[in-house]
Student: 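Below you will find the structure I want to go over with you.
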2 protein chains.
Amino acid sequence: MKLSEGVEWAIHSCSLLAALPTGAALPTRKLAAYFELSETYLAKNLQLLSNADIVTTRKGPGGGYALAKAADAISLLDIVEAIEGRSPCFSCTEIRRRGPTGIGDEAYKRPCGIARSMWKAEKAWRDELAKVSLHKIQAMALEETPDAQLEKAKIWFEEALA
Amino acid sequence: MKLSEGVEWAIHSCSLLAALPTGAALPTRKLAAYFELSETYLAKNLQLLSNADIVTTRKGPGGGYALAKAADAISLLDIVEAIEGRSPCFSCTEIRRRGPTGIGDEAYKRPCGIARSMWKAEKAWRDELAKVSLHKIQAMALEETPDAQLEKAKIWFEEALA
DNA sequence: TTAAATATGGATATATTTTATCCATATAAT
DNA sequence: ATTATATGGATAAAATATATCCATATTTAA
Ligand code: FES
Ligand code: FES
């Protein structure tokens with residue numbers, strides 16, 4: 001069980017976008033450059049964010065990506081689900097119905113106890129992710145980023161938005 | 001993010017083993033037959049349970065698998081970790097250090113806020129799994145299994161252990 | 001003592017998923 | 001018009017999950 005790389009990429013990208021001045025946007029090329037990531041593959045992940053209405057896009061020169069809503073209205077869960085999808089990690093294949101003791105499908109009404117337990121745990125995970133806003137992520141990043149990096153980031157932004 | 005099939009197989013297998021009379025054991029062949037699963041692949045998963053000390057084994061005729069401890073001393077988390085391993089689902093690749101604004105590795109002491117948040121959610125998942133004992137799983141199964149199946153299972157057991 | 005039944009671990013094969021790239025197209029700004 | 005950009009589809013390459021096979025060690029039962 002591993003989350004895809006794209007989840008980390010997407011969170012960092014959103015966190016960076018959260019720092020943009022109103023009205024500004026960053027294109028794939030610049031986002032990829034900032035994090036030193038594959039431009040084409042990052043583009044795919046940004047598309048997922050776009051389809052999930054987490055970011056908005058503007059085509060053409062000067063265009064790019066920006067957050068679609070306030071950073072405190074976007075949660076880690078939103079981002080994780082945009083990238084990973086919404087299907088449960090645990091999937092019950094109804095093993096209980098199989099084999100020599102299994103009986104007709106109509107006999108099994110509720111989801112089995114195993115699935116219910118696994119799904120409950122998964123809900124705890126999602127609930128916890130839902131509690132963390134992008135705003136909080138950005139605030140933590142701001143606080144823990146070394147001053148030297150903040151300086152360089154400031155200069156990079158000026159150039160990128162010029 | 002998907003849990004491997006083996007997790008479901010392992011939980012069902014343990015739940016069945018929990019129903020064994022003291023001293024009895026079931027070999028791979030019979031477990032696979034009961035659930036109509038691939039015998040060779042189930043064997044691999046049972047090996048993982050064995051290495052994790054969730055089940056004990058006895059080689060030779062009349063041998064097989066049995067629980068290594070009481071069913072209420074085994075949790076879903078134990079089983080999930082035996083099959084899936086203990087490494088975190090989210091892995092921080094330290095993207096923050098990269099790119100044109102990144103500075104020397106020595107500047108980043110604590111894990112980043114993104115990773116801390118993701119790991120916290122993961123902990124909530126594991127904690128929830130740890131709360132569910134195999135005993136509970138077995139009790140739920142017993143309660144929700146149709147009577148017709150319980151009958152057939154009883155007969156199957158008698159034959160299997162004869 | 002021997003034969004049969006079983007688990008174990010290694011090697012390997014196959015299928016599926018993830019990661020990554022490329023391209024043709026649509027769209028917007030200058 | 002030209003340039004910069006996102007989008008979605010097709011495809012390729014790499015990694016992982018699924019599945020099988022085999023040689024070996026061990027244990028039981030005859
Ligand atoms: S029957 Fe296997 S998890 Fe539901
Ligand atoms: S730097 Fe990316 S999650 Fe830690």
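Here is the naming used below: chain letters follow the sequence lines, and residue numbers restart at 1 for every chain.
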Student: Test salt bridge (charged side-chain N to carboxylate O under 4.0 Å, His left out) on A:Glu122 and A:Arg126 and set out the steps.
Tutor: CA-CA 6 Å; A:Glu122 199 173 321; A:Arg126 290 183 198 273; 2.8 Å; yes
Student: Base, sugar-phosphate alone, or nothing: which one does A:Asn51 contact when heavy atoms must sit under 4.0 Å apart?
Tutor: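 Sugar-phosphate, no base atom in range.
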Student: Pick the closest DNA chain D nucleotide for A:Lys30 and for A:Lys2 by heavy atoms, then say which residue is nearer the 5' end.
Tutor: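 Whichever sits nearer the 5' end wins; that is A:Lys30.
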Student: Under 4.0 Å between any heavy atoms, over every strand shown, what does B:Thr40 touch: base, sugar-phosphate, or nothing? Just pick one.
Tutor: base
Student: Counting side-chain heavy atoms from C-beta on, which of C:dG10, D:dT7, C:dT8 comes nearest to B:Ser50?
Tutor: C:dT8
Student: Is there a donor-acceptor pair under 3.5 Å between the side chain of B:Arg98 and the backbone N or O of A:Glu36?
Tutor: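 The answer is yes, because a donor-acceptor pair under 3.5 Å joins these two groups.
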Student: Just checking B:Gly64: base, sugar-phosphate only, or nothing, at a heavy-atom cut-off of under 4.0 Å?
Tutor: sugar-phosphate
Student: Think A:Thr57 has a side-chain N or O under 4.0 angstrom from the OP1 or OP2 of D:dT5?
Tutor: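 No, because none of the side-chain N or O atoms of A:Thr57 sits under 4.0 Å from OP1 or OP2 of D:dT5.
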Student: Report the nucleotide, chosen from D:dT20, C:dT21, D:dT28, that has the shortest atom-to-atom distance to any side-chain atom of A:Ser38.
Tutor: C:dT21
Student: Measure from CD on B:Glu39 to P on C:dT8 and round the result to the nearest Å.
Tutor: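 Rounded to whole Å, this separation is 14 Å.
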Student: How long is the straight-line distance from NZ of B:Lys123 back to CD of B:Glu128, given to the nearest 0.5 Å?
Tutor: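 The NZ atom of B:Lys123 is 11.0 Å from CD of B:Glu128, to the nearest 0.5 Å.
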Student: Which nucleotide in the set C:dT6, D:dT18, C:dT19 lies at the smallest distance from any side-chain heavy atom of B:Pro27?
Tutor: C:dT6
Student: Taking only the side-chain heavy atoms of B:Pro61 (C-beta and beyond), determine which of D:dT5, C:dA5, C:dT6 contains the nearest atom.
Tutor: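 My answer, after comparing the listed nucleotides, is C:dA5.
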Student: Ignoring backbone atoms, test whether A:Arg29 places a side-chain nitrogen or oxygen under 4.0 Å from the OP1 or OP2 oxygen of D:dA4.
Tutor: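 Answer no for this pair, as no side-chain N or O of A:Arg29 is under 4.0 Å from OP1 or OP2.
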Student: Of all the nucleotides listed (C:dT18, C:dG10, D:dA6), which has the minimum atom distance to the side chain of A:Tyr65?
Tutor: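 Per side-chain heavy atoms of A:Tyr65, the pick is D:dA6.
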Student: Rounded to the nearest 0.5 Å, what separation is found between the CD atom of A:Gln149 and the CD1 atom of B:Ile103?
Tutor: 5.5 Å
Student: Within the structure, does a side-chain N or O atom of B:Gln47 lie under 4.0 Å from either OP1 or OP2 of C:dA7?
Tutor: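 It does not, given that no N or O in the side chain of B:Gln47 lies less than 4.0 Å from OP1 or OP2 of C:dA7.
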Student: Identify, between A:Lys59 and A:Leu3, the residue whose nearest nucleotide on DNA chain C lies closer to the 5' end.
Tutor: A:Leu3
